[in-house]
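The next block holds one structure in the form of structure tokens; read it before the comments.
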There are 2 protein chains.
Amino acid sequence: MVNTNRMAEIGLLIGEPARAAMLGALMDGRALTAGELAGVAGVAPQTASGHLARLAEANLLAVERQGRHRYHRLASPEVAELIESVMRIAAVTLPDPTRMPVTGPRDAQMRLARTCYDHLAGGLGVAVTDALVARGVIAFDDGAGIVTPNGMERLAALGIAVDAPTTRVTRPLCRPCLDWSERRPHLAGRLGAAVCSHFIEQHWVTRVAGSRALHVTPKGQQALRERFGIAGIG
Amino acid sequence: MVNTNRMAEIGLLIGEPARAAMLGALMDGRALTAGELAGVAGVAPQTASGHLARLAEANLLAVERQGRHRYHRLASPEVAELIESVMRIAAVTLPDPTRMPVTGPRDAQMRLARTCYDHLAGGLGVAVTDALVARGVIAFDDGAGIVTPNGMERLAALGIAVDAPTTRVTRPLCRPCLDWSERRPHLAGRLGAAVCSHFIEQHWVTRVAGSRALHVTPKGQQALRERFGIAGIG
DNA sequence: GCGACGCTACGGCGCGGGCCGAAGCATCGG
DNA sequence: CCGATGCTTCGGCCCGCGCCGTAGCGTCGC
């Protein structure tokens, strides 16, 4: 039997506004310093330090020191999936509709294009996913995803290479990820990460400082039109 | 942007031993009374009542009154997935290995066969899943699952019918579920639920009172051998 | 109607933990 | 070497909340 006390510990770690904000900020998959995380959480550095120590001690975060900075990132894709589950519930089961989050320009940009741990999400993520489905690269069978027999070749033709399976328990190659803004599945898993990396390497998108939002460059808009038949993003 | 405060609320609800125990107990998909849940959590009825009210108010639980009893169940499959995510992290990232759960006879039975929300898990769940893969009914492509083109016919031949897609956002038909004891994926989703229902209706398995564990009947052992080529379970 | 039972509402106790100020350690720049 | 910066440790304040005792409300059996 899974220890329910251990479950409660996990919940308690998420169940504090400052820590929840930190975990949410780390959902872009990058590593942030303790100071930056203190900023997003809106607490003093000492407070943040304590929170981060607890999160790291529980193996939810991985810490790496570089000079006088300490970089923190989510310990594993499994932790990202956990946070994602929480976000999905948080977005859907609002007991009081009046508490809906405020929508501003930053919110709009997030909805248009952003990262979700290590893959594309928002309008861009869904559009790219739809395009890959339409082109017969991947298929979503009612909530589960697969790569079609010759899908890998077509991906290679697009210049997208997927890492060989890691030695550990294999992480899903092609996983659907239902996110809060679009309420529709988009491409996640190892393939989703590869696509996202490719978009960034080609400078089709750039990260917006201090946010999970992505900016689609003119070069990216051109690539989206010509290679994926997508217009009107960015 | 997803409200991080709302995220913290969700975490806080899980982050209390009594509530975590209740949510864990409800992972078998059945509805339990407030009194039963108080027993599971090891707290007085008044305390349990307060917890359940909070969980219901946050839409994590659905409540149904029947006479002088109040039956509580997880509000949705999404909530079950959330709890499952927490369990997965709880089982994997033990900071202190000495805190591993005690293994007893009850634990052994749980590992052999149990329900996971609404589908089969444990050794039985994995064995049945493997058998369905070997018979070409379903396929798991590196973590994502699909039903093969003629898989539905073969399922119908086995007497297993899957409900027509619900009107709401479709729940995955064939989803892999990685659980804590086997560390291997087993069949979940609507199809997993249909398989589990079929096993129970045919009296191949029976629920063990007060537990998520399942008992495999002699009739069930025969069916497993003849129809799925599975031996040595139960 | 009456008692038993399941559950809920209220009040008060006590503990855990979040918060920041002050101080202490490392690291970098000059 | 010295100051600035990033981060952590310690200590004390205080709020939140989990807990149960008591009491109240609805439902069932007789």
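Chain A is the first sequence line, chain B the second, and so forth, proteins listed ahead of strands; every chain is numbered from 1. None of these values were measured; they are calculated from a predicted model.
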What verdict does the side chain to side chain contact (heavy atoms under 4.5 Å, CB included) test give for B:Leu23 and B:Leu82, after you've listed the backbone C-alpha separation in whole Å, the side-chain angles of each residue and the deciding distance to 0.1 Å?
CA-CA 10 Å; B:Leu23 291 168; B:Leu82 167 64; over 6 Å; no
On DNA chain C, more 5' by nearest nucleotide between B:Ala53 and B:Arg68 is B:Arg68
Between B:His69 and A:Gln66, the residue closer to the 5' end of DNA chain C by nearest nucleotide is B:His69
Counted 5' to 3', the first and last nucleotides of DNA chain D within 4.0 Å (strictly under) of a heavy-atom of chain B are D:dG18 to D:dC28
Of B:Arg65 and B:Glu16, the one whose closest nucleotide on DNA chain D sits nearer the 5' end is B:Glu16
**Report entry** Test item: A:Gln66 side-chain N/O and A:His69 main-chain N/O as donor-acceptor pair under 3.5 Å
**Finding:** no
Q) B:Thr129 side chain to B:Gly125 main-chain N or O, any donor-acceptor pair under 3.5 Å? A) yes
First and last nt of DNA chain C near chain B, cut-off under 4.0 Å to heavy atoms, 5' to 3', are C:dA4 to C:dA9
The residue among B:Leu55, B:Val79, B:Leu13 that forms side chain to side chain contact (heavy atoms under 4.5 Å, CB included) with B:Leu61 is B:Leu55
Check: Does B:Leu224 reach the side chain of B:Val128, with side-chain heavy atoms less than 4.5 Å apart?
Finding: yes
Note, B:Leu74 side chain near B:Met27 side chain (heavy atom, < 4.5 Å)
yes
Q. Do the rings of B:Phe199 and B:Trp204 sit parallel, tilted or perpendicular, given the 30° and 60° boundaries?
A. perpendicular
Answer yes when B:Arg6 and B:Glu9 have at least one side-chain N-carboxylate O distance shorter than 4.0 Å, and no when they do not.
yes
